[in-house]
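What follows is a short report on a single structure.
Every number for a ligand or one of its atoms is a count from 1 in the order of the listing.
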Amino acid sequence: MHRILILNGPNLNMLGTREPDIYGHDTLEDINALCLEKARELGCKIDFRQSNHEGELIEWVQEADGIFDALIINAAAYTHSSIAIHDALKMLGMPVIEVHLSDPKKREKFRHVSYIEPIASAVIAGEGAQGYTQALEKACELITS
Ligand code: DQA
């Protein structure tokens with residue numbers, strides 16, 4: 001059974017009330033539930049986590065090798081700033097999928113740079129909560145290919 005780690009960065013714990021016009025009304029718990037349902041359908045196992053701390057996200061990435069087969073990450077604002085997360089992801093021997101609820105490329109200029117994109121096998125942005133289930137489908141596809 002494929003094992004997929006799903007990491008969420010800062011402020012995503014506030015989804016539901018955080019700028020719903022941009023991020024929608026789903027809470028992170030709702031998105032976790034959507035992912036669990038999709039994982040059941042795809043026959044894979046997921047571990048869904050969130051942290052507001054860059055170092056914790058990095059430790060989770062470092063520990064992923066040998067335990068998971070693919071990693072899905074919404075690094076939130078760290079997407080646009082964290083060379084440290086980029087470096088940690090670069091060491092991983094598994095497909096990495098970058099996901100965003102909104103499409104950062106269509107927003108403020110400071111969101112146009114992504115330090116995750118250069119190491120990502122796929123990027124899914126602007127699809128709202130469904131972007132996570134699309135990322136899961138993509139992850140399974142990449143693991144088996
Ligand atoms: C986000 C986009 C980022 O620019 C922002 O900092 C977030 C959320 C998204 O899912 O659309 O926190 O990653």
Side-chain angles (χ1 to χ4, degrees), residues 2-42 44-65 67-143:
H2 302 323
R3 301 151 302 174
I4 300 166
L5 178 60
I6 306 175
L7 295 184
N8 293 282
N11 299 308
L12 293 172
N13 56 313
M14 302 305 286
L15 287 178
T17 52
R18 178 193 178 197
E19 300 181 89
D21 45 320
I22 297 174
Y23 299 116
H25 292 276
D26 287 326
T27 64
L28 199 61
E29 241 341 283
D30 294 333
I31 297 176
N32 186 12
L34 264 181
C35 288
L36 282 168
E37 196 184 314
K38 177 55 81 175
R40 222 170 292 127
E41 200 182 291
L42 292 167
C44 64
K45 196 169 162 8
I46 62 162
D47 192 336
F48 191 95
R49 304 180 195 170
Q50 188 272 335
S51 178
N52 290 323
H53 304 278
E54 189 178 19
E56 187 164 39
L57 291 163
I58 290 165
E59 278 162 15
W60 287 339
V61 170
Q62 289 178 357
E63 290 160 9
D65 256 327
I67 301 173
F68 296 96
D69 305 302
L71 186 144
I72 294 170
I73 184 164
N74 183 351
Y78 288 142
T79 305
H80 319 298
S81 67
S82 181
I83 297 170
I85 293 178
H86 166 101
D87 286 347
L89 291 170
K90 207 170 180 182
M91 287 186 276
L92 267 186
M94 70 184 73
V96 173
I97 294 145
E98 175 181 4
V99 66
H100 299 283
L101 295 154
S102 67
D103 186 349
K105 305 270 195 243
K106 293 189 178 148
R107 298 178 61 194
E108 304 97 317
K109 232 189 173 132
F110 60 81
R111 295 183 203 275
H112 292 189
V113 170
S114 167
Y115 287 101
I116 314 291
E117 200 175 334
I119 52 80
S121 303
V123 181
I124 296 167
E127 302 291 333
Q130 292 302 331
Y132 282 75
T133 59
Q134 291 175 23
L136 272 174
E137 280 170 0
K138 190 75 194 167
C140 286
E141 201 183 296
L142 288 166
I143 294 165

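Protein heavy atom closest to atom 5 (C) of ligand 1, with residue, atom name and distance, is Arg111 NH1, 3.3 Å. At the top of the distance list for atom 11 (O) of ligand 1, counting protein heavy atoms only, stands Ser102 OG, 2.6 Å. At the shortest separation from atom 4 (O) of ligand 1 among protein heavy atoms lies His80 NE2, 2.7 Å. At the shortest separation from atom 9 (C) of ligand 1 among protein heavy atoms lies Leu101 N, 3.4 Å.
A side-chain donor-acceptor contact under 3.5 Å links Ser114 and Glu98.
Residue Thr79 has no N or O atom closer than 3.5 Å to an N or O atom of ligand 1. Backbone and side-chain nitrogen or oxygen atoms of Leu12 are examined, and none is located within less than 3.5 angstrom of a nitrogen or oxygen of ligand 1.
When non-hydrogen atoms are compared, ligand 1 lies under 4.0 Å from the side chain of Asn74 (C-beta onward) but not from its backbone. Here Glu127 has no heavy atoms under 4.0 Å from ligand 1, in either its backbone or its side chain. Residue-level proximity to ligand 1 for His100 is carried by backbone and side chain together, each with a heavy atom below 4.0 angstrom.
The environment of CD in Glu29 is sparse: at most 12 heavy-atom neighbours from other residues, nucleotides or ligands sit within 6.0 Å. Under a cut-off of 6.0 angstrom, the local environment of NZ in Lys105 is crowded, with over 12 non-hydrogen atoms contributed by other residues, nucleotides or ligands. For Glu56, the CD atom is densely surrounded, since the number of other residues' heavy atoms within 6.0 Å is greater than 12.
Checking Arg3, Lys45, His2 one by one against Asp69, the side chain to side chain donor-acceptor pair (under 3.5 Å) holds for a single residue, Arg3.
Salt bridge absent: Arg40 and Glu37 never bring a charged side-chain N and a carboxylate O closer than 4.0 Å.
Remark: Gln50 CD to Ile31 CD1 distance equals 11.0 Å, nearest 0.5 Å.
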For a side-chain hydrogen bond (donor to acceptor under 3.5 Å, both in side chains) check, start with the C-alpha distance between Asn11 and Tyr23, then their side-chain angles and the critical distance, and finish with the verdict.
CA-CA 11 Å; Asn11 299 308; Tyr23 299 116; over 6 Å; no

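Heavy-atom contacts of Arg18 reach the following atoms of ligand 1: 7 (C), 12 (O) (cutoff under 4.0 Å).
Between the choices Tyr23, Tyr78, Phe110, Tyr132, the shortest heavy-atom distance to atom 8 (C) of ligand 1 belongs to Tyr23.
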